[in-house]
Engineer: 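Structure incoming, see below.
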Amino acid sequence: MLGQRLEIRQGQGLVITPQLQQAIKLLQLSNLELEAFVEAELEKNPLLQREDAEPGGEVDAPAAAESHDAAEMSFDEGRVQDADRTLDARSDDVYGDASPGERTSDRMEDVGVGEAQVGLNDWSRAGAGGGVLDGEGREQPDSREATLWEHLQAQASQAAFSPSDHAIALTLIDSVDEGGYLRGELAEIADRLGIALERVEGVLAVCHGFEPTGVMARSVPECLKLQLIERNRFDPAMDCLLANLDLLAKRDLSGLRKACGVDAEDMAEMIAELKALTPRPGAGFGGEPAQTVIPDVHVRSDPAGGWKVELNADTLPRLIMDKRYHGVVAAGSRSDVEKTFVAECAAQASWLVKSLDQRAKTILKVSSEIVRQQDAFLAFGVEFLRPLNLKTVADAIGMHESTVSRVTSNKYVSTPRGVFELKFFFTAAIQSSDGGATHSAEAVRHRIKAMIDGEGRDGDVLSDDRIVEILKEAGIDIARRTVAKYREALRIPSSVERKRMLRTG
């Protein structure tokens, strides 16, 4: 018989609190992202303080240690492991990589033609000489290297453009990439500016006369064509050669000679002329500096044998909770809102301090196990890299696979053999043909590259099938398509193309 009734049941379930989600997120942040996160927390939470900051009479080391030990919220690594299992399928937290700077992509939408003309000035510079002003109003010379876009904008300001054509030129320059190529579609730019396509093409034709020669081309053949025209070396045969650069890349010289209608001597001269050109005219100009990789872990050889694994202290933010200031503001809180705010700040500060400490311990634990597993690589080189997966490391240190995955994301280790991302050490396994130990895919790729690098010494070129045979003789069971995939990943041409390259010298 059907009916309704009330029942009370007791059960256990995992509740992922915001603090626990934060602890999980901290594991996968790089050191740069972590620094930005910590800076934001320092601005929001008045009870947080850097350990190396000036105490100002309010924070001292004993108080900080006491605060750390007496934190109200404990960090339970087991809860993080359980939360990882729950969040594994849906934890795609993204900390977007903000680019260090973006150029204006659409001047015409924000300013009028007259304003665009005035906008040529760099408003970060106040002096007529292009310098910057110091704290006392004196002009200092600007020693920064000019970027490609600044160089082109300066030439556009000196060209005989009308105000409107000058604004079009600025819009085209904003579409130039670091190599000097124009990546925007002319039809799209014309439609956005509300002008005819022919007018944009006319402005671009003038811009093609800017230095360096070949800049603002829309393709490699056009870039090379502009440089050949300047040298007065562009003719129908060279035009045909530029139209068949794919044959040149394949070293199909007979097909090139037939297409261009020239003999072998003329073809050799034409190819030599192309080699003297610059396919990336903008590469010689300053741009955004490359971000230096800062390792999170240092691995050094131990004189007693083995390896020392140490965290990079420079990448670890040291935070403490200011207990004295907490006592002051807690005693001065009167309303419930103020008391709640102070309590939340104290709980968040305590949790963050412990989370950062646990993050550092987890990175060290995972890195130490990876070093233990890849000891042969550190001692003898990439050929001795062992196959390794997340589960092997996770089982060895008693963690969940997703935790190991988060820890190894965007983390780098400095070793005697160079700086590597932690994920570099996780490679697929290739079976052994004799039933022995498996081989690392990275080690096999290295062996294939070494075999091909030694081809020119005896004049013999190894086909993919021959490479498979040699590897099987060495006890590596690998398919031909896998060899071809590894070779293409290493950007090594096929055996036919390598033979042509050897014949042409």
Side-chain angles (χ1 to χ4, degrees), residues 16-53 73 75 77 79-81 83-84 86-102 287-299 309-321 345 348-368 370 390 393 399-415 418-426:
I16 304 178
T17 64
Q19 291 86 355
L20 192 58
Q21 291 182 6
Q22 179 189 89
I24 295 172
K25 181 184 293 185
L26 288 177
L27 289 175
Q28 64 190 23
L29 297 184
S30 66
N31 50 50
L32 294 179
E33 294 169 338
L34 181 63
E35 181 64 26
F37 175 81
V38 168
E39 286 295 335
E41 290 297 316
L42 286 170
E43 292 182 4
K44 292 190 300 183
N45 196 331
L47 300 183
L48 276 175
Q49 173 116 12
R50 289 190 183 273
E51 190 175 4
D52 53 356
M73 302 182 67
F75 185 95
E77 184 177 318
R79 293 178 63 202
V80 175
Q81 305 298 320
D84 271 340
T86 304
L87 292 177
D88 191 34
R90 55 187 175 92
S91 176
D92 294 325
D93 300 327
V94 177
Y95 251 63
D97 292 331
S99 61
E102 296 180 355
E288 295 294 340
Q291 186 66 51
T292 303
V293 173
I294 302 176
D296 301 86
V297 182
H298 292 297
V299 176
V309 183
E310 302 171 344
L311 291 173
N312 185 359
D314 295 336
T315 64
L316 298 176
R318 303 178 186 88
L319 299 183
I320 56 178
M321 189 180 83
C345 287
Q348 178 66 16
S350 299
W351 178 270
L352 182 58
V353 169
K354 281 187 170 289
S355 297
L356 291 174
D357 180 65
Q358 187 62 40
R359 175 185 181 273
K361 292 179 180 178
T362 305
I363 293 176
L364 183 61
K365 184 184 294 186
V366 173
S367 302
S368 300
I370 292 176
L390 297 173
V393 174
M399 289 185 175
H400 193 262
E401 292 179 43
S402 58
T403 302
V404 177
S405 177
R406 290 186 176 93
V407 169
T408 54
S409 296
N410 302 315
K411 310 296 188 306
Y412 292 85
V413 55
S414 173
T415 72
V419 178
F420 302 92
E421 189 177 7
L422 286 178
K423 285 190 177 296
F424 167 82
F425 298 98
F426 295 93

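All residue numbers refer to positions in the sequence shown, counting from 1. All values reported here derive from a predicted model rather than from experimental measurement.
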Engineer: Between V299 and S414, is a side-chain contact (heavy atoms from CB on, under 4.5 Å) present by the stated rule, with each step listed?
Structural biologist: CA-CA 6 Å; V299 176; S414 173; over 6 Å; no
Engineer: Report yes if the side chains of M399 and V407 come closer than 4.5 Å at any heavy-atom pair, otherwise no.
Structural biologist: no
Engineer: Give the minimum heavy-atom separation between V413 and P295, together with the two atoms involved.
Structural biologist: C-CB, 4.2 Å
Engineer: Taking atom CD of E310 and atom OG of S368, what is their separation to the nearest 0.5 Å?
Structural biologist: 10.5 Å
Engineer: Where is the tightest heavy-atom contact between K411 and S409, given as atom of each residue plus distance?
Structural biologist: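 Shortest heavy-atom separation between K411 and S409 comes out as NZ-O, 2.9 Å.
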Engineer: Keeping K365 on the side-chain end and I363 on the backbone end, is there a donor-acceptor pair under 3.5 Å?
Structural biologist: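 No, K365 side chain to I363 backbone: no donor-acceptor pair under 3.5 Å.
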Engineer: CG of L42 to CG of L47: how many Å apart, nearest 0.5 Å?
Structural biologist: 11.5 Å
Engineer: Working to the nearest 0.5 angstrom, can you tell me the gap between I320 CD1 and S350 OG?
Structural biologist: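 Rounded to the nearest 0.5 Å, the CD1-OG separation comes to 12.0 Å.
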Engineer: Testing V393, T408, I370 for side-chain contact (heavy atoms from CB on, under 4.5 Å) with F425, which one passes?
Structural biologist: I370
Engineer: If every non-hydrogen atom of L352 is compared with every non-hydrogen atom of F37, which pair is closest and at what distance?
Structural biologist: CD1-CE2, 3.8 Å
Engineer: Using salt bridge (Lys or Arg N to Asp or Glu O under 4.0 Å), reason through E35 and R50 one step at a time and then give a plain yes or no.
Structural biologist: CA-CA 12 Å; E35 181 64 26; R50 289 190 183 273; 2.8 Å; yes
Engineer: Take E39 and K44, measure what salt bridge (Lys or Arg N to Asp or Glu O under 4.0 Å) needs, and give me the verdict at the end.
Structural biologist: CA-CA 9 Å; E39 286 295 335; K44 292 190 300 183; over 6 Å; no
Engineer: Do you know which two heavy atoms are closest between P317 and L34, and how far apart they sit?
Structural biologist: CD-CD2, 3.6 Å
Engineer: Which pair of heavy atoms, one from V353 and one from L319, lies closest together, and at what distance?
Structural biologist: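 Heavy-atom minimum between the residues: CG2-O, 3.6 Å.
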Engineer: Indicate yes or no for a side-chain donor-acceptor contact from R359 to the backbone of L29 under 3.5 Å, with no hydrogens or angles considered.
Structural biologist: yes
Engineer: Among residues at least two apart in sequence or on other chains, which ones pass side-chain hydrogen bond (donor to acceptor under 3.5 Å, both in side chains) with N31?
Structural biologist: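 Once residues adjacent in sequence are excluded, the partners of N31 under the side-chain hydrogen bond (donor to acceptor under 3.5 Å, both in side chains) criterion are D296.
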Engineer: In chain order, what residues pass the ring pair (Phe, Tyr, Trp, His ring centres under 6.0 Å) check against Y412, with sequence neighbours excluded?
Structural biologist: none
Engineer: Just how far is it from atom CG of N410 to atom CD of Q28, taken to the nearest 0.5 Å?
Structural biologist: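 If we round to the nearest 0.5 Å, N410:CG and Q28:CD are 8.5 Å apart.
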Engineer: Using side-chain heavy atoms (C-beta onward) and a distance below 4.5 Å, is R406 in contact with I24?
Structural biologist: yes
Engineer: Keeping S405 on the side-chain end and E401 on the backbone end, is there a donor-acceptor pair under 3.5 Å?
Structural biologist: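 Looks like no, no N/O pair under 3.5 Å.
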Engineer: Which residues satisfy the salt bridge (charged side-chain N to carboxylate O under 4.0 Å, His left out) test with E421, sequence neighbours excluded?
Structural biologist: none
Engineer: Minimum heavy-atom separation for N312 to I294, with atom names?
Structural biologist: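 Nearest pair, atom of N312 first, then I294: ND2-CG2, 3.7 Å.
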Engineer: For the backbone of C345 and the side chain of Q348, can you confirm whether one donor and one acceptor N or O come within less than 3.5 Å of each other?
Structural biologist: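 No, because the side chain of Q348 does not come within donor-acceptor range (under 3.5 Å) of the backbone of C345.
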